There are 2 protein chains.
Amino acid sequence: MTKKELIKLKAARLFRLKGYKATSMRDIAQEVGMEAASLYNHISNKQELLAELMMHIAEIFTEGMENILQSSLSPREKLERLIGLHIRYTVEKPNAVAIITSEWVHLEEPTLKEYLLLRNSYEKNISKIIQDGIAQKQFAEVDLEITVFSILSTLRWLYSWYHQQENINPVELEQRMIQSLLDGVNIRN
Amino acid sequence: MTKKELIKLKAARLFRLKGYKATSMRDIAQEVGMEAASLYNHISNKQELLAELMMHIAEIFTEGMENILQSSLSPREKLERLIGLHIRYTVEKPNAVAIITSEWVHLEEPTLKEYLLLRNSYEKNISKIIQDGIAQKQFAEVDLEITVFSILSTLRWLYSWYHQQENINPVELEQRMIQSLLDGVNIRN
DNA sequence: GTCTATAAGTCGATAGAC
DNA sequence: GTCTATCGACTTATAGAC
């Protein structure tokens, strides 16, 4: 791991715990074990840290979504994969997931615009999957807007719930979440 | 409206838009139409603004919950009332609802402890309602933890979705949300 | 009750020695 | 590549004139 990667790792944890604005370069430096001035030999400024952390995880989710969309899975299976995607990265990179959910307001232009573009298209893609599922009669005729919002809220804020659950198995969690979220969407028998 | 109420009103909007840490006393003063120093004739410090805004809305939700619990409604009706409660205050006080959801991390002790106490008991009460509904066979045997988390996520983050919907009728929204959230919980026919 | 002036501290970021 | 020293701007909050 390079020094820059270490700095980003420590910054991510602090941004998550205290928020971007409340985290100082001195805070980050202390975690890394150097003086604040030395950070600037590895990064150009504080905003760069936020931008790189955010765009990296945003691109991971975007790629995950593209893989799901390009597959020949059914809408139900696509939704299951999407839930799996969120659980995997919530467990693997909880800090990054927390930051992308809560700290994006502190992004400056032009990165803010780039992020919002990815975010919008991500939401539209979820909407499309559910719409397809309804059209193919795999899902009940639910309220599209509210269902998308509800699923997205649950997936986005999973990190805040997950980190206080200690002995939970990610694989088991995935099964429980799939069942819980899809039973509200799934066609009744 | 007193000057203090006006200050809290303007502060709430800025805390929501920019976050507590990124909002300066000068920002608030400018919105109110006075100098930053003059604010201190009406409030004692910045943290007091956050604490009063947060605890006021927290108590509103706590009282709403108590009214629901003390009623003789069925679990399903209680959950419907709870959804109505969140929609009402999301529409009436979107800034306060946003702040309680996103800015509570910046609360200082002892208010932080008080807030977390209310928050914990609120979550336990939702859990109790759903548990009762399952016991009375009004709800399906859903995964309790995940269902509570999912409903709470959806209700808490409603403000972020609502403020970008322009022509939505709160009464209609309530019906749509009740249907959407409860169909995932409700027993299948 | 509002203002100007300012205290006392923190912020992000840079300069330059080593 | 890390340090010390420091700049200049900004922060919350107070003192005191009016």
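Residue numbering restarts at 1 for every chain, and letters A, B, ... go by the order of the sequence lines. These numbers come from a predicted model, not from an experiment. FYI, side chains are in, hydrogens and waters are out, and symmetry mates aren't considered; it's all heavy atoms of this structure.
Atom P of nucleotide C:dA13 and atom CG of A:Leu49 are separated by 9 Å, given to the nearest angstrom. The separation between A:Leu14 atom CG and C:dG12 atom C1' is 16 Å, rounded to whole Å. In this structure, the CD atom of B:Glu35 is 14 Å from the C1' atom of C:dT6, given to the nearest Å. To the nearest angstrom, P of C:dA13 lies 13 Å from CD1 of A:Ile7. Atom CD1 in B:Ile43 sits roughly 14 Å away from atom P in C:dG1 (whole-Å rounding). If you take CD of A:Glu108 and P of C:dG12, they are 12 Å apart, rounded to a whole angstrom. Atom pair B:Lys3:NZ and C:dC3:C1' shows a separation of 13 Å (rounding to whole Å applied).
The side-chain contact (heavy atoms from CB on, under 4.5 Å) check on B:Ala135 picks up nothing, with sequence neighbours excluded. Under the rule for a side-chain hydrogen bond (donor to acceptor under 3.5 Å, both in side chains), the partners of A:Asp143 that lie at least two apart in sequence or sit in another chain are B:Arg176. In terms of the side-chain contact (heavy atoms from CB on, under 4.5 Å) criterion, residue partners of A:Glu35 (sequence neighbours excluded) are, by chain and number, A:Ser38. The ring-ring contact (aromatic ring centres under 6.0 Å, His included) search around A:Phe15 returns A:Tyr20, not counting sequence neighbours.
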For residues 60-73 of chain A, dump all side-chain donor-acceptor pairs below 3.5 Å to protein atoms at least two apart in sequence or in another chain.
residue : atom : partner : partner atom : Å
A:Thr62 : OG1  : A:Ala58 : O            : 2.8
A:Ser71 : OG   : A:Ile68 : O            : 2.6
A:Ser71 : OG   : A:Leu73 : N            : 3.4

List every contact pair, protein side and nucleotides 10-13 of chain D side both N or O, where the distance is under 3.5 Å.
residue : atom : partner : partner atom : Å
D:dT12  : OP1  : B:Thr23 : O            : 3.4
D:dT12  : OP1  : B:Lys46 : NZ           : 3.0
D:dT12  : OP2  : B:Met25 : N            : 3.0
D:dA13  : OP2  : B:Tyr40 : OH           : 3.0
D:dA13  : OP2  : B:Lys46 : N            : 2.8

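Salt bridge B:Glu103/B:Lys21: absent, no basic N to carboxylate O contact under 4.0 Å.
The shortest distance between the side-chain N/O atoms of B:Ser38 and the OP1/OP2 oxygens of C:dC3 is below 4.0 Å.
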